[in-house]
Amino acid sequence: MAVLNIRRLPDEVYARLRVRAARAGRSMEAEAREILTAACLGDAPMTPDDVQTWVSRLYRGRPPKDGSASLLADRRRDARRG
């Protein structure tokens with residue numbers, strides 16, 4: 001297995017990692033390994049239900065009235081600008 005040293009880690013990040021590791025009952029190294037593994041390998045692809053839940057949270061239960069019309073208007077405006 002590879003070894004990774006991280007230099008110049010901001011103090012605030014270090015402190016938060018320490019707290020996060022303690023809450024999870026892991027060492028800081030194990031917590032960093034967990035974070036990097038999740039970020040790089042990712043979770044399983046989102047299901048349609050996962051996407052719907054994410055969108056609902058994003059808009060806090062109030063989706064835009066006409067999102068596609070708004071996006072089209074933005075694209076047209078950008079196209080006119082060149």
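All values derive from a computational prediction rather than experimental measurement.
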Just to verify, what does Arg18 make a side chain to side chain donor-acceptor pair (under 3.5 Å) with, not counting sequence neighbours? none
Can you tell me if Arg16 has over 12 outside heavy atoms packed within less than 6.0 Å of its CZ? no
Taking CG in Asp78 as the centre, count heavy atoms belonging to other residues, nucleotides or ligands within less than 6.0 Å. Is the count above 12? yes
For residues Val13 and Leu4: do they belong to one hydrophobic cluster (side chain heavy atoms under 4.5 Å, members Ile, Leu, Val, Met, Phe, Trp, Tyr)? yes
Which residues share a side chain to side chain donor-acceptor pair (under 3.5 Å) with Thr47, sequence neighbours left out: Asp50
Once you round to the nearest 0.5 Å, how far does CG of Leu36 lie from CG of Leu41? 10.0 Å
With rounding to the nearest 0.5 angstrom, report the CD to CZ distance, Gln52 to Arg57. 11.5 Å
With sequence neighbours left out, write down each residue that passes salt bridge (charged side-chain N to carboxylate O under 4.0 Å, His left out) with Arg77, or none if nothing qualifies. Asp74
Looking only at heavy atoms, the pair that brings Ser27 and Ala21 closest together is O-CB, 3.6 Å
Interatomic spacing from CD in Glu29 to CG in Leu17 - rounded to 0.5 Å: 10.5 Å
To the nearest 0.5 Å, how far apart are CD1 in Ile35 and SG in Cys40? 11.5 Å
